[in-house]
Each structure stands twice: as structure tokens, then as C-alpha cells.
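Here the structure comes first, spelled out in C-alpha cells, and everything after it is commentary.
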Amino acid sequence: MTAKPTNEPAPDQTALDSAVREAPAPEAAVPESVVPESVVPESLTPEASVPNEAVGPLLRGITVLRRLTEADGVTLSLSGLEKATGLARSTVDRVTATLARMGYVRLDGRDVTLAPRLMELGNAYLAALRLPALLSSRADALADELDESVSLAVGDRDGIRFIHQATRRRAMSLSFRIGDRLPAERTAPGPLFATEWTPADWHRWHARRAGDPQDATFPAVPPRDPATPDPAPSFEHRTTQAATEGWCVDDQLIEPGLVAVSVPVRDPGTGRLACVASVVSHTSRHTAPDLRAALLPQLREAVTTMENDLRAAPPPAPGQPRTDLATWTSASKQELGREFVESLARGLTVLTAFGEGRSRLTLTEVARATGLSRATARRALITHTHAGLITASRDHTFSLTPRVLSLGFPPLSRASLPDIAQPHLTALAARVGESTALAVLSDSGEEIQYTARAAAGRVLTAHVPVGTRLPAHATALGRVLLPHPEARTQGYALVDEELEAGLRAIAAPVRDRTGTVVAAVNVAMHTARRTREACESDILPELLHTASHIEADLRVTGRFVLIPPT
């Protein structure tokens with residue numbers, strides 16, 4: 001029905017050894033002294049505890065992705081990554097080249113940026129969890145009913161991590177993203193998850209508090225102001241109270257003005273917490289007591305409906321993972337040679353073996369789903385378990401943890417359609433030597449609005465600033481966006497000098513993951529530079545190629561996230 005609750009303690013070494021020895025492999029056993037990295041903050045990597053069988057290049061690739069994530073979507077230079085990771089420059093170069101080949105980062109000279117396709121790793125976790133697919137519509141409906149932000153969160157060791165956000169568009173609005181991790185003691189969901197903590201979990205929490213009193217290892221929240229009361233001393237009391245009352249309030253623990261009330265959503269099969277639903281507001285709208293009195297009843301009613309949805313949900317139909325990944329990595333290694341780190345690429349593909357209907361997999365199933373050998377899959381699983389991305393169970397199965405969302409998901413989850421399209425537009429303009437643009441249809445359906453563009457290096461060029469609105473019927477962009485023109489059937493539109501003398505443009509539609517046309521991309525030029533026939537023979541293939549790449553990114557980014565059109 002749903003994945004097993006995600007706030008259970010990290011597996012002990014016996015569970016890990018048992019899982020990877022589903023059928024003994026020739027490698028040496030994992031040292032008994034190994035402690036999975038999931039017991040330490042994400043930014044810490046104790047080299048002394050790395051298992052002998054861990055894949056070094058895979059750990060280094062994970063480190064690079066985490067540092068790029070901590071940069072919050074900001075481009076980093078290769079030298080900046082070298083400094084941030086402590087890795088040798090040659091290693092950084094090879095790791096980023098491999099990640100670029102996989103589509104997980106973009107390289108622009110000496111600069112590195114996270115790419116939308118990286119979200120497929122977080123998507124694998126969210127699909128395996130099933131909770132966003134089953135409950136997000138209920139959270140969205142509650143947000144509409146209350147006109148307040150609503151979030152769903154899962155437990156992540158001594159913190160919480162968001163798996164869905166339904167936010168209100170206001171001047172003062174919630175800025176948390178899917179994948180953001182917060183310290184448990186500074187949230188409303190935290191005490192609810194802590195009601196199920198073991199002594200080892202509490203020990204981990206105390207150790208983290210002692211080592212990081214200002215919450216520096218939680219980049220999603222502002223560092224705790226030493227002048228404000230420390231929420232830690234009251235955390236155990238709040239946990240006891242939450243266990244008794246079945247709800248919890250956050251009264252400005254994250255930052256001044258922010259308040260929230262939370263209620264647990266329980267797995268009907270186990271009775272344990274599946275996730276926590278929260279209503280979030282600010283003190284100019286509700287005080288914490290008012291939030292509890294006014295909105296807690298509706299939140300509880302919504303949670304009851306969510307639990308009924310979980311109870312009635314049919315078993316998931318397992319999706320089909322790609323089984324040609326091992327072949328693809330081998331071909332990439334042959335093509336790129338030393339610059340492609342095959343063990344890194346193969347290790348990351350192991351995370352994509354999981355998904356809907358594949359929340360728990362054995363070693364054999366992981367190997368079969370990826371096309372990797374059992375020995376290669378085994379070492380990757382050991383590495384990911386050490387990194388806290390995978391947990392091993394005593395029933396010889398593995399599952400993804402919420403920590404997979406730490407690999408790029410938070411900054412990428414806030415990307416808009418123009419953000420996603422811009423690199424593709426820039427590349428198209430460079431290839432064809434003409435200006436390119438992205439536009440959407442206005443609410444009236446009579447105009448188009450330019451939302452992104454890339455200029456060509458010419459003296460005479462089509463220049464329409466972002467934000468400009470033009471009549472839809474007179475533009476190539478508009479004709480592929482309007483629902484009834486012939487361009488919808490033809491798949492493109494070519495318009496000559498209807499908007500302005502000398503201007504020729506050709507446009508193609510951009511579809512989201514449901515097949516709905518959500519935008520259009522064009523190439524515009526002076527009529528003297530290319531004939532209509534040349535536009536169709538030379539420009540159109542490049543234009544369609546660009547549209548297909550934007551659509552591929554939208555399929556990944558839009559699976560669990562609403563993509564803003566502007």
C-alpha cells in the first residue's frame with residue numbers, strides 16, 4: 001500500500017550484511033565497525049568509517065552533487081567545486097564530465113550547474129514512497145479550503161523532510177521546497193515523528209545538537225539566533241505532549257512570524273506514522289493558539305480522509321525500469337574514455353532501479369533492473385547505504401531513504417518553465433545563428449507572452465523583450481498555441497511578415513508530461529537570410545529537437561512538482 005514508514009532507525013550492521021549476502025559474493029565482508037553515514041549530518045563524511053567495499057568514485061560523485069545542492073542552484077566553477085569538496089581538480093573534472101554525460105549537470109566552460117534530469121533520483125524515492133501520488137490532491141484541496149499553505153513531511157533521522165508543498169501565492173509566503181530538511185526540534189512535525197524514536201535515535205539527536213548548536217548543517221533554515229530561546233530543552237516535553245494529544249504546534253521556532261499546526265497521517269497497515277500533514281501560516285494571519293483552534297479540526301478531517309485513501313489504495317503496479325543502463329554506461333566509457341567514470345555512472349543508476357511498485361528490492365532484483373552484475377550492484381548498495389541513501393532490512397531487501405532528495409531536488413523543484421527552457425534556447429541560437437524565444441498563451445487566449453529568449457550574435461536580429469505580449473493570431477508562436485489552427489495538426493507554424501515587415505518566424509509546440517501544449521518555441525530571422533524552404537529544411541529539425549529536449553526535462557521535473565509557466 002505505502003512504503004514502510006521512513007523515520008525508522010538506520011539499519012544495524014547485521015541487517016546490512018544479511019541483505020548483501022542474499023547469495024554470497026566473492027568480495028570480503030563489510031567490516032563490523034562500519035556505521036552507516038545516515039547517523040551523521042549530510043555535510044559530514046567520516047572517511048575512517050567508509051566500508052572497504054564502498055565505491056570511491058561513487059562517493060565522490062555524491063559529494064559533488066551535494067555541494068552543488070548546497071549552493072542552492074547557483075552555478076559553481078570547477079575550482080569552486082574543488083575547494084568545496086576537497087577533491088583533486090582532475091577528479092572534479094572527471095566526475096563533472098560523467099555527471100554531464102548522464103544529464104545530471106550542465107557544463108558551460110569552467111562552470112557547473114545542476115540539470116533537471118537529476119530529479120529522476122528524487123522521483124524514484126517519491127514514486128516508491130507513493131504518498132505524494134496518493135495524498136497530494138488532498139493536501140492541495142485543504143490549502144484551497146483554508147487559504148493557507150499545507151505541507152506533507154516524512155521523518156529523516158533527527159530531522160524532517162518535505163515531500164509535498166501546496167503553497168499560497170502571497171507577498172509573505174512559504175519558501176520551503178520539496179526535499180528541504182529541517183531540524184526536528186524547530187518544527188511542528190518533529191515531535192510527532194519523535195514519538196516513535198528509539199534510544200539510538202535520541203542519542204543521534206543529542207549528538208547532533210552538541211556538534212551543531214546553530215543548525216548550520218540544515219541550509220533550508222536560517223541559523224538559530226543565539227539570542228532566541230533554544231527549542232531543544234523543551235523538545236522532549238513537546239514530544240510527550242504530542243504523543244498524548246495527537247497534534248503539535250510550531251510557534252515561531254523556525255523563524256519569527258512563522259506558525260504551523262501538524263497532525264500525523266498513519267499507515268493503516270502498521271499504525272505507524274506514514275507522514276505528517278501541516279497547515280502553515282504567519283502571525284499576521286493567525287497566532288499559534290488561533291491556528292490550533294480555528295484550523296486543527298479541518299486538518300484532522302483531511303487527515304482522516306488521507307488515511308482512508310491509504311486504506312483503499314490498490315497495490316501498485318510495478319513500473320518497468322530501464323534494463324539497458326549497463327550497456328549505456330559501457331558505450332559511454334568507450335566513447336569518452338578516461339573522462340567517463342563508469343563506476344560512478346553505474347552506481348547512480350542503482351537508485352533508479354526503485355520506483356512505484358518497486359519500493360523494496362533484493363540484490364538480485366536490483367541487478368536485474370539495472371542490467372548490472374550482482375557484484376557491481378552489491379558494491380553500489382553498500383556505498384549508498386553508507387551514504388544514507390539506501391537502507392537495508394533483515395528480510396534481504398533494500399529501500400531508498402528520504403536522503404535521496406538531498407541530491408539536487410530542492411533547488412531544482414522550484415524551476416519555472418523559462419528556467420528549464422533557457423539553456424536549450426541558448427544552445428539552439430548558437431547552432432542556427434538566429435534569435436530564439438519561448439512564449440505561453442495569455443489567460444485571455446488572444447495574446448502570447450514571451451517568457452524566455454536567446455539572442456544570436458548578429459547586427460540585425462529579432463529582439464522581443466521577455467514579458468512582451470503580441471497578438472496570438474499574427475505570430476508563429478501563437479498559431480501553435482491556439483487550440484484550433486492547422487499548426488496544431490501540422491506540428492509547427494511558419495509566419496511571414498504578418499507581425500512586421502521583413503520578419504520570418506517558425507515555431508513548434510512544447511508539451512508537458514500529460515501531452516498538453518503548455519508553451520511554444522520559435523526561431524525568428526530577417527526574410528533575406530533564409531527562404532521558407534530553408535526554414536523548413538534547416539531550422540525546423542533543430543527547432544523540433546530543442547522542443548523535444550525541453551519536453552524531456554518537463555517530464556522529469558513535472559512528475560511530482562507543479563512547474564510555473566512564467
Side-chain angles (χ1 to χ4, degrees), residues 69 72-73 114-154 161-181 220 275 277-281 302 306 309 355-356 402 404-405 407-424 438-443 449 451-452 481 509-521 547 549-566:
T69 302
D72 206 26
L114 295 175
R117 187 173 175 181
L118 178 61
M119 290 180 71
E120 72 179 10
L121 302 183
N123 285 346
Y125 165 73
L126 295 173
L129 185 67
R130 291 194 77 200
L131 295 177
L134 294 174
L135 305 182
S136 60
S137 62
R138 299 293 186 186
D140 295 344
L142 180 62
D144 291 338
E145 176 188 347
L146 302 179
D147 194 26
E148 299 288 354
S149 295
V150 174
S151 66
L152 299 177
V154 293
R161 201 177 291 267
F162 293 111
I163 59 170
H164 182 72
Q165 292 282 4
T167 57
R168 303 291 89 188
R169 286 198 170 188
R170 297 196 182 100
M172 294 293 295
S173 62
L174 187 70
S175 63
F176 290 127
R177 304 159 300 187
I178 296 175
D180 276 336
R181 183 170 177 260
C275 65
S278 304
V279 176
V280 187
S281 187
M306 291 180 185
D309 289 343
E356 186 171 5
V404 174
L405 295 173
L407 302 181
F409 209 93
L412 291 171
S413 70
R414 281 294 174 90
S416 65
L417 178 54
D419 294 331
I420 293 168
Q422 188 62 60
H424 300 291
L438 182 85
V440 297
L441 200 61
S442 67
D443 292 339
Q449 179 180 356
T451 58
L481 288 171
V510 174
R511 294 175 171 83
D512 64 13
R513 61 180 293 109
T514 68
T516 302
V517 175
V518 293
V521 60
H549 277 277
I550 297 173
E551 290 172 347
D553 283 350
L554 285 178
R555 283 194 294 272
V556 176
T557 56
R559 185 169 182 185
F560 294 104
V561 174
L562 182 64
I563 307 298
T566 58

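Values in this document were obtained by computation on a predicted structure and should not be read as measured data. What you see below is based on every heavy atom in this structure, not just the backbone, and it leaves out hydrogens, waters and symmetry mates.
- A donor-acceptor contact under 3.5 angstrom links the side chains of Ser416 and Asp419, judged on distance only.
- Rounded to the nearest 0.5 angstrom, Ser136 OG and Ile178 CD1 are separated by 9.0 Å.
- In this structure, CG in Leu126 is found 9.5 Å from CG in Leu131, a value given to the nearest 0.5 Å.
- We find the CG-CG distance between Leu142 and Leu152 to be 9.5 Å, quoted to the nearest 0.5 Å.
- Qualifying salt bridge (charged side-chain N to carboxylate O under 4.0 Å, His left out) partners for Glu551, counting only residues two or more places apart in sequence or in other chains: none.
- Using modelled atom types, one side-chain atom of Arg161 and one backbone atom of Gly179 make a donor-acceptor pair closer than 3.5 Å.
- To the nearest 0.5 Å, atom CG of residue Leu129 and atom SG of residue Cys275 are 8.0 Å apart.
- When the salt bridge (charged side-chain N to carboxylate O under 4.0 Å, His left out) test is applied to Asp72, the partners found at least two apart in sequence or on another chain are Arg177.
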Going through the distances and angles, do Leu438 and Leu417 end up as a side-chain contact (heavy atoms from CB on, under 4.5 Å)? CA-CA 9 Å; Leu438 182 85; Leu417 178 54; 3.9 Å; yes
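- Not a single donor-acceptor pair under 3.5 Å links the side chain of Arg555 to the backbone N or O of Arg513.
- The only option from His164, Gln165, Met119 that meets the side chain to side chain contact (heavy atoms under 4.5 Å, CB included) definition with Val561 turns out to be Met119.
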Please walk me through it: do Val280 and Val150 pass side-chain contact (heavy atoms from CB on, under 4.5 Å)? CA-CA 6 Å; Val280 187; Val150 174; over 6 Å; no
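- Put simply, CZ on Phe409 and OG1 on Thr557 are 9.0 Å apart, with the number rounded to the nearest 0.5 Å.
- Heavy-atom minimum distance, Pro564 versus Pro418: O-CD, 4.2 Å.
- Panel note: side chain Thr69, backbone Gly408; a donor-acceptor pair is recorded below 3.5 Å.
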With side chain to side chain donor-acceptor pair (under 3.5 Å) as the criterion, how do Glu148 and Ser281 come out once you've worked through the C-alpha distance, each side chain's angles and the decisive distance to 0.1 Å? CA-CA 6 Å; Glu148 299 288 354; Ser281 187; 3.0 Å; yes
Derivation and outcome, side-chain contact (heavy atoms from CB on, under 4.5 Å), residues Phe560 and Asn123: CA-CA 7 Å; Phe560 294 104; Asn123 285 346; 3.4 Å; yes
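- Summarising the geometry of Ile563 relative to Gly558, their closest heavy-atom pair is CG1-CA, 4.0 Å, with the distance given to 0.1 Å.
- Residues Asp553 and His424 have side chains in contact (heavy-atom distance under 4.5 Å, counting atoms from C-beta outward).
- Here the shortest heavy-atom pairing between Ala421 and Ile550 reads CB-CD1, 3.8 Å.
- Counting heavy atoms from C-beta on, the side chains of Leu118 and Leu412 come closer than 4.5 Å.
- Using a cutoff of 4.0 Å between basic side-chain nitrogens and carboxylate oxygens, Arg138 and Asp309 are scored as salt-bridged.
- Nearest heavy atoms, Val521 versus Ala547: CG1-CB, 4.1 Å.
- Without hydrogens or angle criteria, Ser413 side chain to Pro410 main chain gives a donor-acceptor distance under 3.5 Å.
- Formation of a donor-acceptor pair under 3.5 Å by the Arg414 side chain with backbone atoms of Phe176 is found in this model.
- Shown are Ile420, Thr516, Val517, Leu554; of these, the side chain to side chain contact (heavy atoms under 4.5 Å, CB included) with Val510 is made only by Leu554.
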Can Phe162 and Leu405 be said to form a side-chain contact (heavy atoms from CB on, under 4.5 Å), step by step? CA-CA 9 Å; Phe162 293 111; Leu405 295 173; over 6 Å; no
